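One structure is given below, encoded as structure tokens.
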Amino acid sequence: MEIFDISLEISEDMPTYRGKRERRPKIERIRTLLEGANETRLVLDTHTGTHMDAPLHMLPSDISIDRIPLSSCMGPAVVLEIRHRPVITEEDLKPFEPVLPEGHFVLLKTENSFSDLSREDFVYLSEEAAYFLVEKRLKGVGIDALGVERDQPGHPTHRILLENGLVVVEGLLLRDIAPGVYFFIALPLKIRGGDGAPARAMLIRM
């Protein structure tokens with residue numbers, strides 16, 4: 001069994017959505033061994049690094065991150081590598097239709113994996129591509145960008161996926177992951193009423 005950690009490391013100089021410095025976490029040592037033990041205070045946005053979006057993030061919903069069942073945070077997944085495209089469209093996904101079984105996650109490895117994740121022009125998922133994935137009755141979608149879309153008016157990609165019950169995981173570290181089938185786990189912090197939460201994400205290959 002091989003386990004691949006596909007989570008971004010949390011640090012004060014980590015990449016943030018569109019390079020927004022105010023979104024960087026703050027990490028402060030508040031106690032040292034000389035005082036009995038090392039202890040650290042961490043202040044971070046709920047959508048920091050590798051994270052999961054709750055329906056509450058974009059919808060008038062009562063489903064916060066703590067109400068997403070653990071069974072929805074894991075399952076078989078297909079990693080698709082789609083390079084040299086500024087946006088992932090339905091046409092980009094159609095050739096992979098035979099390997100998108102119902103109930104699976106689809107994880108998108110794009111040009112983002114080979115560039116600065118803080119860039120403003122990151123590769124994202126189009127609205128029609130989101131509808132296409134909903135039609136496949138998938139369990140969730142993950143992407144190697146810090147957002148599944150780039151602030152499109154009305155956030156249609158988010159809304160389409162979340163309204164139809166798909167889990168959305170952003171900020172996956174997929175650079176060294178080969179395309180194929182894996183078992184995917186992404187466990188978000190259990191934040192009461194949270195609109196999202198950082199997650200430890202991994203792929204398992206038997």
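Heads up: numbering here begins at 1 and tracks the sequence. This one's a predicted model, so the numbers in the text were calculated from it and none came from an experiment.
Annotation: side chain of L8 is in contact with side chain of L146 (closest heavy-atom distance under 4.5 Å). Side-chain contact between T48 and R23 is absent, with no heavy atoms from C-beta onward closer than 4.5 Å. At least one side-chain heavy atom of L125 sits under 4.5 Å from a side-chain heavy atom of L133. Taking the side chain as every heavy atom from C-beta outward, E9 and M14 never approach each other to under 4.5 Å. Using a 4.5 Å heavy-atom threshold, the side chains of H57 and H158 count as touching. Here the side chains of I185 and I204 are in contact, with some heavy-atom distance below 4.5 Å. Within the 4.5 Å cutoff, side-chain heavy atoms of I68 are placed close to those of M52. Within the 4.5 Å cutoff, the side chain of R205 has heavy atoms near those of the F4 side chain.
Here the rule is side chain to side chain contact (heavy atoms under 4.5 Å, CB included) with M58, and of V168, L162, D53 only L162 fits it.
A salt bridge is absent between E12 and R24; no separation between the charged side-chain nitrogens and carboxylate oxygens falls under 4.0 Å.
Heavy-atom contacts from other residues, nucleotides or ligands closer than 6.0 Å to CZ of F183 number more than 12. More than 12 heavy atoms of other residues, nucleotides or ligands shown are found within 6.0 angstrom of CZ on R31.
E91 and T89 are not linked by any side-chain donor-acceptor pair at a separation below 3.5 angstrom, with hydrogens and angles left out of the test.
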Distance-only donor-acceptor hits, side chain of residues 77-85, under 3.5 Å, sequence neighbours excluded:
| residue | atom | partner | partner atom | Å |
| --- | --- | --- | --- | --- |
| R83 | NE | E111 | OE1 | 2.9 |
| R83 | NE | E111 | OE2 | 3.4 |
| R83 | NH2 | E111 | OE2 | 2.9 |
| R85 | NE | D92 | OD1 | 3.0 |
| R85 | NE | D92 | OD2 | 3.2 |

Side-chain donor-acceptor pairs under 3.5 Å in residues 188-203, sequence neighbours left out?
| residue | atom | partner | partner atom | Å |
| --- | --- | --- | --- | --- |
| D195 | OD1 | T46 | OG1 | 2.9 |
| D195 | OD1 | H47 | NE2 | 2.8 |
| R200 | NE | D5 | OD2 | 3.3 |
| R200 | NH2 | D5 | OD2 | 2.7 |

*asked:* Go through it in stages, so that I can follow the logic: the residues are D45 and Y17, the test is side-chain contact (heavy atoms from CB on, under 4.5 Å), and I'd like the CA-CA distance, side-chain angles, deciding distance and then a yes or no.
replied: CA-CA 11 Å; D45 189 278; Y17 178 76; over 6 Å; no
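Seen from the ring of F122, R150 counts as a face-on cation partner, given the 6.0 Å and 45° thresholds.
A distance of 11.5 Å separates NZ in K26 from CG in L42, rounded to the nearest 0.5 Å.
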